[in-house]
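Some notes on the structure that comes next.
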Amino acid sequence: MPHGTPETAPVIYRRRVPEERITVEVEGRRLGLSNLDKVLYPAHGFTKREVLDYYRRIAPAMLPHLRDRAATFRRFPDGVDGEPFYEKNVSRHAPEWVRTARLTNRGRRGGEETLDYPVVGDLPTLMWAANLAALELHVPQWTVGPRGARKSPDLLVFDLDPGPPADVVDCCRVAETLSELLTDDGLTVYAKTSGNKGMQLYCPVRTRSDERTSAYAKAVAEELARRSPESVVARMTKAIRPGRVFIDWSQNNTAKTTIAPYSLRGRAIPTVSTPVTWEEVEACRKAADLLFTAEQVIERVEELGDLFGDMTEHRAPVPAR
């Protein structure tokens, strides 16, 4: 069986009560589920029940990429046509068995704020998040230790964001060039779709510095922008982005997060941020080539396993540049 292949996890239905609420047991944890027939993706008819089922089935492949990472939820309580919101602090409503990491960050007004972030490390916690209509799970490029202390980054990420009329096809061409540069620097490069317009490239790394990955990523992005100014930009300025691919290196900042591998996206249809092969990147000629829905991703993982599954075996020092 390929690494990360979805398996049927035991979910024991215990008790039905009025108002579309049921109590289930997931790996020994009791969890209340509600509004299972609520349609969260109206254009596709995709219900909350199906969201829960997707996360249950993809859990073996997804959980290793969530484990020990302080997650941010993007919740869609009224479905993808409603108003979503981000949630980091879950201490007030999380079950007592949900692991949290208490972290202090710079707040929006410049001061410090201490929040209890969810750490999605097991199936019960993933199902709890899905029941909250947390369709999207975003995680940083660093992990937390057993006592919740923030560790140095173990991932380097480049978020490729196309400025219309550029699309994911243009991202693929930039990704190929970027991958060559990173490989020449001694890094192993993995690709995934964003599940939205663009894609991300990841490199597993080792460093003791919180700033090293961000500095390196910035230098690489700026070099590619100098080489190919007609197709690549390394600055967020909107005026220079139409028709070009923005290499967002800033997601290596320890305060930033990136959509997790295998997370659903809050689009019209239930698309997924999907690991892809380099053969698929090179063959991409239209945006639909790299657009995958929840059911397609389950089938892909059953066939290919987790394409990010061997990441931890290829960590390398962050190069000097």
Working note: Arg285 + Asp289, criterion salt bridge (charged side-chain N to carboxylate O under 4.0 Å, His left out); need CA distance, chi angles, decisive distance, verdict.
CA-CA 7 Å; Arg285 294 295 180 270; Asp289 291 342; over 6 Å; no
Could you please spell out the steps behind the side-chain contact (heavy atoms from CB on, under 4.5 Å) verdict for Arg315 and Asp154?
CA-CA 8 Å; Arg315 288 204 178 107; Asp154 62 347; 3.2 Å; yes
Could you walk me through whether Asp185 and Glu180 pass side-chain contact (heavy atoms from CB on, under 4.5 Å), step by step?
CA-CA 9 Å; Asp185 278 355; Glu180 290 177 6; over 6 Å; no
Quick one, Met127 with Leu52, criterion side-chain contact (heavy atoms from CB on, under 4.5 Å). Give me CA distance, side-chain angles, the key distance, then yes/no.
CA-CA 6 Å; Met127 297 294 284; Leu52 284 157; 3.9 Å; yes
side-chain contact (heavy atoms from CB on, under 4.5 Å) assessment of Phe46 paired with Val39
CA-CA 6 Å; Phe46 203 73; Val39 178; 5.9 Å; no
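Counting heavy atoms from C-beta on, the side chains of Lys48 and Asn131 come closer than 4.5 Å. In this structure, Arg265 and Leu135 have side chains that are not in contact, with every pair of non-hydrogen atoms separated by 4.5 Å or more. Considering only heavy atoms from C-beta on, Thr193 comes within 4.5 Å of Val276 through its side chain. Contact annotation: the side chain of Leu291 approaches that of Arg267 to within less than 4.5 Å [non-hydrogen atoms, C-beta and beyond]. Residues Asp248 and Asp161 have side chains not in contact (no heavy-atom distance under 4.5 Å, counting atoms from C-beta outward). Taking 4.5 Å as the limit, some side-chain heavy atom of Leu201 sits within range of a side-chain heavy atom of Leu178. Residues Pro319 and Leu187 are in side-chain contact: their nearest non-hydrogen atoms beyond the backbone lie under 4.5 Å apart.
Using a 4.0 Å cut-off between charged side-chain N and carboxylate O, Glu223 and Arg321 make a salt bridge. In this structure, Arg29 does not pair ionically with Glu25, as no charged nitrogen and carboxylate oxygen lie closer than 4.0 Å. A salt bridge does not link Asp170 to Arg244: none of the charged nitrogens lies less than 4.0 Å from a carboxylate oxygen. Remark: Glu295 engages Arg57 in a salt bridge, criterion side-chain N to carboxylate O under 4.0 Å. Taking a cutoff of 4.0 Å between a charged side-chain nitrogen and a carboxylate oxygen, Asp167 and Lys197 do not qualify as a salt bridge. Salt-bridge formation is not detected for the pair Arg49/Asp53: no Lys NZ or Arg NE/NH1/NH2 atom is positioned less than 4.0 Å from an Asp or Glu carboxylate oxygen.
Under 3.5 Å, the side chains of Ser179 and Glu176 contain no donor-acceptor pair of N or O atoms. Asn196 and Ser194 share no donor-acceptor pair across their side chains, judged by distance under 3.5 Å alone. Looking at Lys256 and Gln251, their side chains never bring a donor and an acceptor atom within 3.5 Å of each other. Judged purely by distance below 3.5 Å, without hydrogens or angles, the side chains of Tyr216 and Asn252 never pair a donor atom with an acceptor atom. Counting only N and O atoms by type, the side chains of Lys151 and Thr143 include no donor and acceptor under 3.5 Å apart. Remark: the Asp81 side chain and the Tyr41 side chain contain no N/O donor-acceptor pair separated by less than 3.5 Å. When only modelled atom types and interatomic distance are considered, Ser250 and Asn253 share no side-chain donor-acceptor pair under 3.5 Å.
Residue Tyr202 is tested with Thr188, Val189, Thr258, Leu156 for a side-chain contact (heavy atoms from CB on, under 4.5 Å); the sole match is Thr258. For the side-chain contact (heavy atoms from CB on, under 4.5 Å) test with Thr274, the passing option among Val297, Val301, Leu307 is Val297; the others fail.
Not one N or O on the side chain of Ser228 forms a donor-acceptor pair closer than 3.5 Å with the backbone of Ser231. For the pair Asp122 (side chain) and Thr125 (backbone), a donor-acceptor distance under 3.5 Å is present. A side-chain donor-acceptor contact under 3.5 Å links Glu50 to the backbone of Thr47. For the pair Thr257 (side chain) and Val139 (backbone), a donor-acceptor distance under 3.5 Å is absent. A donor-acceptor pair under 3.5 Å links the side-chain atoms of Arg67 to the main chain of Gly121, judged by distance alone. In this structure, the side chain of Gln296 engages the main chain of Thr293 through a donor-acceptor pair within 3.5 Å. Counting only distance, with no hydrogens or angles, the side chain of Ser263 and the backbone of Leu137 share a donor-acceptor pair below 3.5 Å. Between the Thr271 side chain and the Gly195 main chain, a donor and an acceptor come within less than 3.5 Å of each other.
Between Trp128 and Phe73, the gap from one ring centroid to the other is short of 6.0 Å. Two rings, from Tyr190 and Phe308, have their centers less than 6.0 Å apart.
Under a cutoff of 6.0 Å and an axis angle of 45°, Arg150 and Trp142 form a cation-pi pair. Cation-pi geometry between Arg300 and Phe292 is satisfied (NZ or CZ under 6.0 Å from the ring centre, within 45° of the ring normal).
Residue Leu155 holds its CG atom at 9.5 Å from NE2 of His65, rounded to the nearest 0.5 Å. Between the CZ atom in Arg30 and the CH2 atom in Trp97 there is a gap of 11.5 Å [rounded to 0.5 Å]. Rounded to the nearest 0.5 Å, atoms CG (Leu304) and OG1 (Thr277) are 7.5 Å apart. With rounding to the nearest 0.5 Å, the separation of CG in Leu123 from CD in Glu27 is 4.5 Å.
Across all non-hydrogen atoms, the minimal contact from Ala287 to Val168 is CA-CG1, 3.6 Å. The two atoms that bring Pro140 and Ala70 nearest to each other are CD-O, 3.1 Å, heavy atoms only. Of all heavy-atom pairs spanning Pro275 and Pro261, the tightest one is CG-CB, 4.4 Å. Pro42 and Val80 make their closest contact through CD-CG2, 3.9 Å (heavy atoms, listed as atom of the first residue, atom of the second, distance). Shortest non-hydrogen contact noted between Ala239 and Pro242 is O-CD, 3.6 Å.
Within a 6.0 Å sphere centred on NZ of Lys218, other residues, nucleotides and ligands contribute 12 heavy atoms or fewer.
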